[in-house]
*Asks:* 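Below you will find the structure I want to go over with you.
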Amino acid sequence: MRITTFNANSIRTRLPIIIPWLLEHQPDILAVQETKVQDHEFPGDAFREIGYHCVFNGEKSYNGVALISREPADDIRSGFYDGDEKNHSRLIRGRWGDMHVINAYVPQGRDRESDHYAGKLEWLRNIRKMLDNDYSPDMPVIWLGDLNVAPEPMDVHDPKGLDGHVCFNSELTELFYEVCAWGFRDVFRKHHPEPGQFSFFDYRAASVYTHKGWRIDHILTTTPLFDKSRDAWIDLKPRRLREPKPSDHTFVTADFEI
DNA sequence: ATGGTAGTAGAACTA
């Protein structure tokens with residue numbers, strides 16, 4: 001079983017990257033964030049034409065999440081709880097058999113003093129509440145997506161210069177690990193303990209060419225799945241393309257022996 | 001260099 005996360009930064013603009021990537025790498029599930037499209041304009045036909053099902057929650061211009069999969073999901077849920085309209089376009093959950101997938105686009109936070117940053121911390125606390133309510137760490141559960149958290153110094157290109165950033169500071173990373181203490185483990189780091197592994201490169205300052213990146217896109221699983229993971233990898237090629245135009249994030253994938 | 005680029009929109013906001 002192969003599962004991938006990708007912040008598309010507009011799924012319509014990124015179809016020339018996503019469709020060939022799906023055909024080449026054949027993931028069972030692709031979790032997309034920042035689709036930036038309302039539901040009635042979602043390009044579902046492009047995925048159905050190559051044999052993928054898709055479910056999505058979007059809004060105009062901002063946010064938006066989707067689950068694109070070989071097999072249709074048995075259950076789809078949106079937000080932290082049924083009827084949570086406020087978080088529809090940042091959280092979509094699916095179940096395939098006994099495997100639960102939580103696709104999240106965690107708020108970025110803008111700056112430490114803003115309400116947006118306070119909302120980001122609250123968002124992570126709500127994830128923990130949702131986990132406590134709806135799942136158990138002995139179940140096969142995957143939490144993946146653009147989590148807007150670089151957990152360790154090695155997850156940013158300049159840990160000293162970037163300390164205090166909304167995606168890299170001790171308050172945030174401590175909270176992140178409190179959420180993970182529910183029962184999540186970092187599948188990517190199981191296979192790649194080395195530094196220099198990044199999933200996001202700012203469009204500005206040609207960061208991709210100097211490898212000044214961040215690892216903020218994650219695939220975390222409960223122990224039953226963690227033990228069955230066989231590989232994880234970041235595909236930098238789609239980020240380095242000039243044509244077609246790249247997203248500022250790239251694909252992060254985990255492979256499991258199931 | 002507190003800049004830089006990109007997407008959505010069709011000006012200014014978000015990242």
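Sequence lines set the chain letters: A, B, ... in the order given, protein chains first and strands last, and positions in each chain run from 1. Nothing here was measured: the structure is a model prediction, and the numbers come from that model.
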*Asks:* Side chains of Y81(A) and N126(A): is there a donor and an acceptor less than 3.5 Å apart?
*Replies:* no
*Asks:* With rounding to whole Å, what would you report as the distance between dT2(B) and dC13(B) at their P atoms?
*Replies:*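 That atom pair is separated by 22 Å.
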*Asks:* For the pair F201(A) and H211(A), name the ring-plane relationship: parallel under 30°, tilted 30 to 60°, perpendicular over 60°.
*Replies:* tilted
*Asks:* So R2(A) and D255(A), salt bridge (charged side-chain N to carboxylate O under 4.0 Å, His left out) or not? Walk me through it.
*Replies:* CA-CA 5 Å; R2(A) 169 169 286 176; D255(A) 293 322; 2.6 Å; yes
*Asks:* Considering only the C1' atoms, how many Å lie between dA9(B) and dT14(B), rounded to the nearest integer?
*Replies:*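 Nearest-Å result for dA9(B) against dT14(B) at atom C1': 13 Å.
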*Asks:* With rounding to whole Å, what would you report as the distance between dA11(B) and dA6(B) at their C1' atoms?
*Replies:* 16 Å
*Asks:* Tracing side-chain links under 4.5 Å among I, L, V, M, F, W and Y, which residues wind up in one group with W21(A)?
*Replies:* F6(A), I11(A), L15(A), I17(A), I18(A), I19(A), L22(A), L23(A), L30(A), V32(A), V37(A), F42(A), F47(A), I50(A), Y52(A), F56(A), I68(A), W233(A), L241(A), F251(A)
*Asks:* Rounding to an integer number of Å, can you tell me how far D111(A) CG sits from dT14(B) P?
*Replies:* 11 Å
*Asks:* What's F200(A) touching, base or sugar-phosphate or nothing? Going by heavy atoms closer than 4.0 Å.
*Replies:*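 Answer is nothing: F200(A) stays at 4.0 Å or more from every strand.
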*Asks:* Examine W214(A) together with H249(A) and report whether their ring centres are nearer than 6.0 Å.
*Replies:* no
*Asks:* One character per nucleotide, please: for nucleotides 2-11 of chain B, 5' to 3', B when the base has a protein heavy atom closer than 4.0 Å, S when only the sugar-phosphate does, - otherwise.
*Replies:* --BBSSSS--
*Asks:* How far, in whole Å, is dG10(B) from dT5(B) if one measures between their P atoms?
*Replies:* 23 Å
*Asks:* For dA1(B) versus dA12(B), give the span between their P atoms, rounded off to a whole number of Å.
*Replies:* 30 Å
*Asks:* If you draw the axis of the six-membered ring of Y105(A), does the NZ or CZ of R90(A) fall within 45° of it and under 6.0 Å from the ring centre?
*Replies:* yes
